[in-house]
K.L.:
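There's a structure below that I have some questions on.
Computation of the quantities below employed the complete heavy-atom set of this structure, encompassing side-chain atoms and omitting hydrogens, waters and symmetry-equivalent molecules.
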Amino acid sequence: MFEMLLNADMQAAALNVLIWTTAALCAGRWPVERSRRRGRARAVTLLALVGIGMLVVLMRITTVTLMGRESWLFAVDRVAVALPALAVPAAAALVGTLPRLVAWVRRPSLETRIAAFAPTAVVPLQTAALGALVGLWTALFTVLAPPLLGPALLIHSAVVLFAALAWFCQTRRWLAARSRPRRRASRPVRALRAVAAVTAVAVAGTATVNLAAASSKLPDSMSMAPADGAAGGHHGGGSPPPRAARPP
C-alpha cells in the first residue's frame, strides 16, 4: 500500500512541475496585439493550465495526507517543506492570477493582457513552479529527517528570495510593456518558438517521469548472505575454535 502511495505522490510532484512551469512560461510571455479570437483562445489556455494546476496541487495534498496516515515519518518532510512551498503560491494565484485571467477571457484585448502580465498575476505562477520543483526534489532525491527546522527555514528563505527577485524583474517588464507594447512576431518565428516550447516541455516531462520511475523501482534481486563472519562456524567459512590443551 505504501509503495503505491509513494508512486502516486511522485507522479503528482512531477505533474505539478510540468503544469506550473508551463503556466509560468505562458503567463510570462510579452503582451502583443492579437485578434479577439486568438486573444481569447490564449487566455482560455492559460486559465485552463492554472485550473489543472490547482487540481494537481490537491492531488499532492491528498497523497501526502494518505502517506501521513500510514506513518507520520513518511510525510513529515513533505508537510514541512514541499507542501508549503507549493500551496502558498498556488493560493496567491487564486487571488492574484485568476481574476485577471477571467477578465482577459471576457474582454480579450491588449489592455486586459497587460493587466494579466502584472507581477501580481505572473509571480505566483513562477513561485509555484519553483515550489513544485522543490517538492519533486524532496520526493525523488532526498529525505529530510526530523528535526526539520534548519532545512525548512533554508529552503523557504530561498523561495521567498526568488519570489522577491521575480517580483522586481516582472515589475520592470510590466511597466515597460505598458509604456511601449511590442509588435507581434512573424509567423516563422512564432512557429519556431512553439516547436522549441513543445520540445522543452516534452523533454522535461519525459525526464521527470523517468526519474520518478527509476527512484521508485525496487531492486531485481537482494542478497540473502549474512554479514561478514556471521555464519563462519556453521558453513565452514571460518576457522574452527581452538581446542583446549589436554592436561599432561
Side-chain angles (χ1 to χ4, degrees), residues 8-32 34-63 82-83 85-110 112-136 159 162-163 166-167 169-170 173-174 177 184-185 190-191 193-209 212:
D9 183 68
M10 291 180 180
Q11 292 171 5
L15 285 175
N16 272 291
V17 173
L18 183 62
I19 297 299
W20 288 107
T21 302
T22 305
L25 292 176
C26 291
R29 292 188 62 181
W30 196 277
V32 294
R34 298 176 182 273
S35 66
R36 186 177 181 87
R37 180 178 60 84
R38 292 189 176 183
R40 178 175 283 112
R42 188 167 185 82
V44 169
T45 300
L46 187 53
L47 186 62
L49 284 173
V50 175
I52 294 172
M54 297 297 176
L55 294 178
V56 180
V57 170
L58 293 178
M59 183 188 304
R60 186 82 200 274
I61 293 175
T62 302
T63 57
L83 290 187
L86 175 63
V88 172
L94 282 175
V95 178
T97 307
L98 282 182
R100 289 170 171 80
L101 293 180
V102 171
W104 186 15
V105 171
R106 291 178 176 176
R107 295 181 292 104
S109 64
L110 183 59
T112 54
R113 173 66 184 105
I114 291 177
F117 192 63
T120 310
V122 177
V123 173
L125 304 182
Q126 297 171 340
T127 310
L130 178 63
L133 187 61
V134 169
L136 181 63
V159 173
F162 170 84
W167 189 280
C169 295
Q170 189 62 30
R173 299 180 68 209
W174 177 55
R184 190 181 183 188
R190 297 199 310 268
R193 288 177 179 175
V195 171
V198 171
T199 303
V201 171
V203 170
T206 303
T208 302
V209 172

K.L.:
Name the residue from Arg40, Arg42, Arg38 that meets the side chain to side chain contact (heavy atoms under 4.5 Å, CB included) definition with Pro108.
P.N.:
Arg40

K.L.:
Can you measure from CE (Met59) to OG1 (Thr63) and round to the nearest 0.5 angstrom?
P.N.:
8.5 Å

K.L.:
Where is the tightest heavy-atom contact between Ala82 and Gly135, given as atom of each residue plus distance?
P.N.:
CB-CA, 3.7 Å

K.L.:
Would you say Leu83 and Ile61 make side-chain contact, with heavy atoms under 4.5 Å?
P.N.:
yes

K.L.:
If every non-hydrogen atom of Ala90 is compared with every non-hydrogen atom of Val57, which pair is closest and at what distance?
P.N.:
CB-CG2, 4.2 Å

K.L.:
Are any of the side-chain heavy atoms of Leu46 and Trp104 separated by less than 4.5 Å?
P.N.:
yes

K.L.:
Given Leu130, which of Val159, Thr21, Val17, Leu86 fulfils the side chain to side chain contact (heavy atoms under 4.5 Å, CB included) condition?
P.N.:
Val159

K.L.:
With rounding to the nearest 0.5 angstrom, report the CE to CD1 distance, Met54 to Ile19.
P.N.:
12.5 Å

K.L.:
Which heavy atom of Ala27 sits nearest to which heavy atom of Leu125, and what is that distance?
P.N.:
CB-CD1, 3.5 Å

K.L.:
Does Thr120 reach the side chain of Arg100, with side-chain heavy atoms less than 4.5 Å apart?
P.N.:
yes

K.L.:
Are Arg113 and Arg34 close enough, and set up right, to give a side chain to side chain contact (heavy atoms under 4.5 Å, CB included), and what steps lead you there?
P.N.:
CA-CA 10 Å; Arg113 173 66 184 105; Arg34 298 176 182 273; over 6 Å; no

K.L.:
Where is the tightest heavy-atom contact between Gly28 and Arg173, given as atom of each residue plus distance?
P.N.:
O-NH2, 2.9 Å

K.L.:
Give, for atom CG of Leu47 and atom CG of Leu101, the distance between the pair rounded to the nearest 0.5 Å.
P.N.:
5.5 Å

K.L.:
If you take all heavy atoms of Leu136 and Ala14, which pair is closest and at what distance?
P.N.:
CD1-N, 3.9 Å

K.L.:
State whether the side chain of Thr127 and the backbone N or O of Pro124 hold a donor-acceptor pair below 3.5 Å, judged by distance alone.
P.N.:
no

K.L.:
Checking side chain to side chain contact (heavy atoms under 4.5 Å, CB included) for the pair Phe117/Gln170: CA distance, chi angles, key distance, verdict?
P.N.:
CA-CA 8 Å; Phe117 192 63; Gln170 189 62 30; 3.4 Å; yes

K.L.:
Just wondering, more than 12 heavy atoms not from Arg106 lying within 6.0 Å of its CZ?
P.N.:
no

K.L.:
Are side-chain heavy atoms of Pro99 and Val102 found at a separation under 4.5 Å?
P.N.:
no

K.L.:
As a quick check of understanding, evaluate side chain to side chain contact (heavy atoms under 4.5 Å, CB included) for Cys26 and Thr45, giving each step before the final call.
P.N.:
CA-CA 9 Å; Cys26 291; Thr45 300; 5.8 Å; no

K.L.:
Could you report the tightest heavy-atom contact between Pro31 and Ile114, atom names first, then the distance?
P.N.:
CB-CG1, 3.9 Å

